[in-house]
Amino acid sequence: MSRLKEKIYRWLFTALAFSSLLFLVGIMAVLFKEGLPVFKEVSPANFIFGKSWYPTYSVPEFGILPLILASLWVTAGAVAVSVPLGIGSALYIHELAGKKQKAVLKPLIEMLAAIPSIVFGFFGMVVVAPFLQKVFAIPTGLCGLTASVVLGIMAIPTVSSLADDALGFVPRSFKEASYALGANRWQTLYKVVIPAAGSGISTAIILGMSRIVGETMTVLMVSGGAAVMPSSFLQPMRPLTSTIAAEMGEAAMGGTHYHALFAIGLVLFLITLVFNVAAEVISRRYRIKLGLNR
Amino acid sequence: MDINPARISVENLNFYYGNKQALKNINLNIFEKKVTAIIGPSGCGKSTFIRLLNRMNDLVPGGRVEGSILLDGSDINAPEADVVDIRRRVGMVFQKPNPFAKSISQNISYGLELEGSRKKDFIERKIEESLKKAALWEEVKDRLDESALGLSGGQQQRLCIARCLAVEPEVILFDEPCASLDPISTKKIEELILELKKDYTIIIVTHNMQQAARVSDYTAFMYLGELVEFGHTEKVFTVPKEKRTEEYLSGKFG
């Protein structure tokens, strides 16, 4: 009886574990099936490198370079916000904060991740955009910079929490060795702990980036939405995700526009895949380097 | 009888982890250029004791020291004592080899750079000198730039000894240095300790009574946070004064 039970549990959990794989394969299949037909109308090179995105004109153009660049600009800007803040807070929590402070701070920072992205969008529209509009005297505050700032804030918990974990993985014995040689706390932090946690910290940054690239609702609300080649952070932009979100409702099902939006999804998927694989490779190398895999 | 002067004098030393007393009224002298072994069963406080001698227990939250530890006559826990200076004078080799995830030469130059040494030829000379003293030079001289983590456990431990020697300590603390090593590596470390005592004052914590008998001049036996017996190694091992020492040495508990 108990052997049968064991068998059933085995099967059940195996099925559960593989179901997510099934979803992954299914989603990819849909992306390919719905995305690839666009290349019957537009060559892949013109799709990726085309500079004009006019999907609804009488002679439509499907060049997504402005969208890709907008995504990259906004991501780069958001990284410039989230990395110093996220890593700085991780270093503070790990090294300086007392037990009580740590117990309060860490969950608080992680709570940032619990705020719905639409609320972040509101915050961007109502607070950040008018502020930047005033400071830079631009016609609209809904621009690349606003998106960068808001997305950067959104990515802080990811970066901070993973970087804190990476610092925590540094073996205590490294620190002790450093102190025993007469190093003070800062020397130990800069010369031993941070280098040893380096790849873990890079992983934190990359995963923060993949969160930023994939974020949709906030971007849609604050980036301004102009599908033109970006030349300044202060101009409205339209990243990949918000393009799909904004246009999917009006694209005729089965039409070129419809397929083009799926192809954009495919491009996004590839970008985040690259980030995630990079993060995995780096963190694996790091575990080996610290001898944690032996 | 004791020709060498005491380098470290421990007087009425108590140590607490929070409310728990880990060391009870320890009094002990560590003599210059001798090897002092500290033996006793697990949890007897021997590691706690040795880690107080270079103030490594400063890192323990809730740790509290009473009594005094005099290094050349001045209390290392005095408010004016400089912990960096103390740790450079009292080096430490840990239970598990803990080289940094850096190259072999960087592991040694680390301590030198901390004190501001930037001269390349000085650092190179020190690297060679320390590795030779630690009997590792011949094995690694052609791969100084390779990661220290590629070395065997025994080599890593000798690298840690070299790293410690590079900053020119006066006293070296060994906290069960062979606990994770094979017999051949253990033998090398023991030979090294006998070699090093010509120049350094050495304290070694060990689980292994035979090891204490082989390498030490003095032996301290600790039990449940107390120093039960301290004396010349051959006396402690052959004619122990205390019944508990005799019982421990004969394997009645441990």
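Within every chain, numbering begins at 1; the chains are lettered A, B, ... in the order of the sequence lines, protein sequences first and strands thereafter. Any value given below was found using the heavy atoms of this structure, including those in side chains, with hydrogens, waters and symmetry copies removed.
- With a 6.0 Å radius and a threshold of 12 heavy atoms from other residues, nucleotides or ligands, K191(A) has its NZ atom above the threshold.
- Test Q156(B), Q157(B), R163(B) against N98(B) for side chain to side chain donor-acceptor pair (under 3.5 Å) and you get one pass: R163(B).
- A distance-only check finds a donor-acceptor pair linking the side chain of S148(A) to the backbone of V74(A) [under 3.5 Å].
- Looking at N57(B), its side chain does come within 3.5 Å of a backbone N or O of T48(B) through a donor-acceptor pair.
- Interface remark: P99(B) contributes backbone atoms only to the contact with chain A (heavy atom separation under 4.5 Å).
- With salt bridges taken as basic N to acidic carboxylate O contacts below 4.0 Å, none links D199(B) and K133(B).
- Proximity to chain A (any heavy atom under 4.5 Å) is shown, for K96(B), by neither the backbone nor the side chain.
- Heavy-atom pairs under 4.5 Å with chain A peak, among L59(B), N54(B), V83(B), V167(B), at L59(B).
- Contacts from residues 177-190 of chain A to chain B, taken as heavy-atom pairs separated by less than 4.5 Å, involve A177(A), S178(A), Y179(A), A180(A), L181(A), G182(A), A183(A), Q187(A), T188(A) in sequence order.
- In this structure, the side chain of T201(B) engages the main chain of K33(B) through a donor-acceptor pair within 3.5 Å.
- T146(A) OG1 to F123(A) CZ: the interatomic distance, rounded to the nearest 0.5 Å, is 10.5 Å.
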